[in-house]
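Comments concern the structure below.
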Amino acid sequence: MAPDLFDSKNGVVKMKLSIVVSTQPASFNAVAYKGRIKDNLENIKKLGYDGVELAVRDPALLDVDEITSFLKQVKLPVPAIGTGQAYGEENLSFTDVNFDVRSRAIDRILSQIDLAKKLNAVVIIGLVRGKSGVGISADQTESWLIHAMRECASHDKSVKLVIEPINRYETDLINTVESGMQFLDKLGKDNVGLLLDTFHMNIEEPSILDSIFTAKDRLFHFHVADSNRWYPGAGHIDFREIFNLLERINYKGFVSAEIVPHPDPDTAAAKTIETLKAIHK
Ligand code: LER
Ligand code: MN
């Protein structure tokens, strides 16, 4: 069972912390650890993390039994699977103008859902949603997106999917929590919720706290990075008030560090733990 978020004995807000590890080399830069999966899992455990989020381009490229056995050895649960590399490395997206690309994007996410079921993780719908195509109407784009999301949400209702509002420089589809909530209403699927990321919220939201409060019980996963996407503590985001609010809305999920490996992966991961564990009410 998830530990209580608030430890009334010493007044520390306790969150389960995880960090993103890419199972393969990838061009996306806000991932502290890439490749060398066994060594990275051992490091993460030693640093005191409670879980590990896996960024997976394609489950077919993984030796799932081997990874599951490494995860068991280090006793790290996997709260979430990131899927953005399917877009970043292969341009697969739910809203591509090409039918074949859209179909392959859906199939890829269905395979991520099967993997997530084995690991008891949520599946992140980040950049794989794509962007508006030139000359394509907003209605058409939304209808492709809704179709893809419904296919994925119906594939296995026991697996949760999370849509992540992402800043305007990466996509024009669902930049804010408000638009994310409107999309969830249109979609009408209970196993789909939101992933909020402090880096994106710092760019797009008038108030980070109000936005978290708006998401409330549709908040299924949470990413942290500071304003510059470095480790928490390296920028100007107030993580104390964010953690206090997460505790108040009874958020029971993981807080996962999706950060640039600056100045190096281990320092960034250690500084994240140091900052976030020092947060008191
Ligand atoms: C993925 O979680 C994310 O935050 C995006 O910035 C990916 O590009
Ligand atoms: Mn993110």
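Counting convention: from 1, in listed order, for ligands and their atoms alike. Here the structure is a predicted model, which is why all the values come from computation and not from measurement. Sequential numbering from 1 along the given sequence is applied to the chain's residues. All values below come from the heavy atoms of this structure, side chains included, with hydrogens, waters and symmetry mates left out.
Atom-to-atom distance recorded for H155:NE2 and C152:SG is 8.5 Å, nearest 0.5 angstrom.
In this structure, I124 falls outside the shell of residues with a heavy atom less than 4.0 angstrom from ligand 1.
The minimum distance between the Mn ion (ligand 2) and any N, O or S atom of E258 involves atom OE1. The name of the N, O or S atom in D197 nearest to the Mn ion (ligand 2) is OD2. The Mn ion (ligand 2) is closest to atom OE2 of E164 (considering only N, O or S atoms).
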(Q) Please determine whether salt bridge (Lys or Arg N to Asp or Glu O under 4.0 Å) holds for the pair K186 and E142, giving the CA-CA distance in whole Å, both sets of side-chain angles, and the decisive distance to 0.1 Å. (A) CA-CA 10 Å; K186 275 192 196 153; E142 185 180 83; 2.9 Å; yes
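A side chain to side chain contact (heavy atoms under 4.5 Å, CB included) with Y87 is found for exactly one of D96, L127, T171, namely L127.
Interface atoms of ligand 1 facing R229, defined by a heavy-atom separation under 4.0 Å, are 3 (C), 4 (O), 5 (C), 6 (O). Shown in contact with D197 at under 4.0 Å from a heavy atom are these atoms of ligand 1, numbered in order with element: 4 (O). Using a 4.0 Å cut-off to heavy atoms of E258, the atoms of ligand 1 that qualify are 1 (C), 2 (O), 3 (C), 4 (O). The distance from ligand 1 to the heavy atoms of E164 drops below 4.0 Å at these ligand atoms: 1 (C), 2 (O), 3 (C), 4 (O).
When E53, H223, H200, Q85 are ranked by how near their heavy atoms come to atom 4 (O) of ligand 1, first place goes to H200.
Between R229 and E258, at least one side-chain N (NZ, or NE/NH1/NH2) sits under 4.0 Å from a carboxylate O, which counts as a salt bridge.
The Mn ion (ligand 2) has an N, O or S atom of H223 closer than 2.8 Å.
Scanning all heavy atoms of the two residues, the minimum distance from S18 to S256 falls at OG-OG, 2.8 Å.
Of the protein's heavy atoms, E170 OE1, 2.4 Å lies nearest to atom 8 (O) of ligand 1.
Contacts between F28 and ligand 1, counted as non-hydrogen atom pairs separated by less than 4.0 Å, involve the side chain only.
A side-chain donor from one of D172 and S132 sits under 3.5 Å from a side-chain acceptor of the other. Side-chain polar atoms of E205 and T176 form no donor-acceptor pair below 3.5 angstrom. Counting only N and O atoms by type, the side chains of H221 and E53 include a donor and acceptor under 3.5 Å apart.
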